[in-house]
Number of protein chains: 2
Amino acid sequence: MRIKRNHPLAIKDHPVTAQRQLLLDILREASSHLDAKALYQRALERDRHISLATVYRNLRLFKELGLVDEIRLDEIHCCYEIKRSTEHYHLLCTSCGNVIEFKSSLIAKLVAEVEHNYDFKANRAVLHLEGYCQKCKKR
Amino acid sequence: MRIKRNHPLAIKDHPVTAQRQLLLDILREASSHLDAKALYQRALERDRHISLATVYRNLRLFKELGLVDEIRLDEIHCCYEIKRSTEHYHLLCTSCGNVIEFKSSLIAKLVAEVEHNYDFKANRAVLHLEGYCQKCKKR
DNA sequence: TTAAGTGCAAAGGCTTTGCAGCATA
DNA sequence: TATGCTGCAAAGCCTTTGCACTTAA
């Protein structure tokens, strides 16, 4: 089956189960970032028998395969999103909870500078800013 | 008692208990960053009856009062340190677990740029880099 | 066919909370 | 003295795991 052979999971020798397909579909369709519970609840709407354990197991798999990014905004905001080609980070509005993506060329510069000054090899940058979004800062 | 009147807790109308004093002392003396459990274990050495609940309650209080910073490196590394005047961030070696502090003037630039481009008011930047420290990257 | 995934329920780790007793100011 | 803190134990929350059954390839 050509579709499955090209599937990101099949390529890496992992069976494409209905549950995995469903979870990836939901993550792809999601306009916002989902945490494990939100993903589970959306999955339940289409598969009444899917379990939360399956959601966690597959989120971990997707993360290991590099299919999704895990974004830990704080102890309660841990969300997941399908990995896209363009690297970006997040702004978190502490007033309304809105999550906004941002990019900046300064991040690569910062990483390069720190790697040089501290003799460090950076594999990942965890970065987000907390504050007030456009709407909330007016008040 | 003059000492207590000048105490950071007393100033903010919170009783200075022996437990709070002990916890602040340990945090001040700590060369490295401590998580709740490590802080509790060090506290036990000097007060056999202190409870983990007291540690958590007071860490939250100190955080609210701005006496300590909470640094959440990932889901298992959540550590605390006495707040100092100089702002800094952290490098986390994913090989040996070492935590190194770093500073960079590019961070302020980055924040200013993002605030301008995205019409955002940043109150806090969460930033750390994961990778290999000097020792581990040689291997 | 068979290695791997799933659902369920139980357990794990970290953190919070209710309550009675105790200490600070 | 009165408010508020502490210790203890229990509960909460998120996440992981053991086991028997099911399924993808």
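Every chain is numbered from 1, with letters handed out A, B, ... down the list of sequences.
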Task: Whole-Å distance separating the NE2 atom of B:His49 from the P atom of C:dC22 - done: 13 Å
Open item on the list: Looking at A:His14, I'd like to know whether one of its side-chain N or O atoms comes within less than 4.0 Å of OP1 or OP2 on C:dA4.
Closed with: no
Open item on the list: Using whole Å, what does the distance between atom P of nucleotide D:dT3 and atom CG of B:Leu61 come to?
Closed with: 19 Å
Task: Protein-nucleotide distance (A:Asn58, atom CG; C:dA4, atom P), rounded to Å - done: 15 Å
Open item on the list: Rounding to an integer number of Å, can you tell me how far B:Tyr56 OH sits from D:dT6 C1'?
Closed with: 17 Å
TODO: Report the distance from atom CG of B:Leu22 to atom C1' of D:dT6, rounded to the nearest whole Å.
DONE: 13 Å
Open item on the list: With nearest nucleotide decided by heavy atoms, which residue, B:Ala36 or A:Asp47, maps closer to the 5′ end of DNA chain C?
Closed with: A:Asp47
Task: Atom-pair distance (CG on B:Leu23; C1' on D:dG7), nearest Å - done: 14 Å
Task: Position toward the 5' end of DNA chain C (nearest nucleotide), A:Ala18 or B:Ala18 - done: A:Ala18
Task: Worked verdict on A:Glu64 versus A:His14 for side-chain hydrogen bond (donor to acceptor under 3.5 Å, both in side chains) - done: CA-CA 12 Å; A:Glu64 283 166 8; A:His14 288 274; over 6 Å; no
Open item on the list: Between B:Thr54 and D:dC5, is there a contact of a side-chain N or O with OP1 or OP2 at under 4.0 Å?
Closed with: no
Open item on the list: OP1 or OP2 of D:dT17 versus the side-chain N and O atoms of A:Arg60: is any pair under 4.0 Å?
Closed with: yes
Open item on the list: If the cut-off is 4.0 Å, is A:Arg20 near the phosphate of C:dA4, judged by side-chain N/O to OP1 or OP2?
Closed with: no
Open item on the list: From C-beta outward on B:Pro15, which listed nucleotide comes closest to its side chain: D:dG7, C:dG7, C:dA25?
Closed with: C:dA25
Open item on the list: Between B:Gln19 and B:His49, is there a side-chain donor-acceptor contact under 3.5 Å, judged purely by atom types and distance?
Closed with: no
TODO: Send over the distance from B:Leu52 CG to C:dG13 C1', rounded to a whole Å.
DONE: 11 Å
TODO: Would you confirm whether A:Arg46, through its side chain, and A:Leu22, through its main-chain N or O, come within 3.5 Å as a donor-acceptor pair?
DONE: no
TODO: Quickly work out the A:Tyr40 OH to C:dC8 C1' distance and round it to whole Å.
DONE: 10 Å
Task: Under-4.0 Å side-chain N/O to phosphate OP1/OP2 contact, A:Gln19 with D:dT23 - done: no
TODO: Consider the side chain of B:Lys37, meaning its heavy atoms from C-beta on, and name the nucleotide among C:dC8, C:dC14, D:dC5 that approaches it most closely.
DONE: C:dC14
TODO: Assess whether one donor atom and one acceptor atom, taken from the side chain of B:Arg57 and the base of D:dG7, lie less than 3.5 Å apart.
DONE: yes
- [ ] Please work out whether the ring planes of B:Phe102 and B:Tyr89 are parallel, tilted or perpendicular, with thresholds of 30° and 60°.
- [x] tilted
Task: Distance-only polar pair, side chains of B:Glu113 and A:Ser104, donor-acceptor under 3.5 Å - done: yes
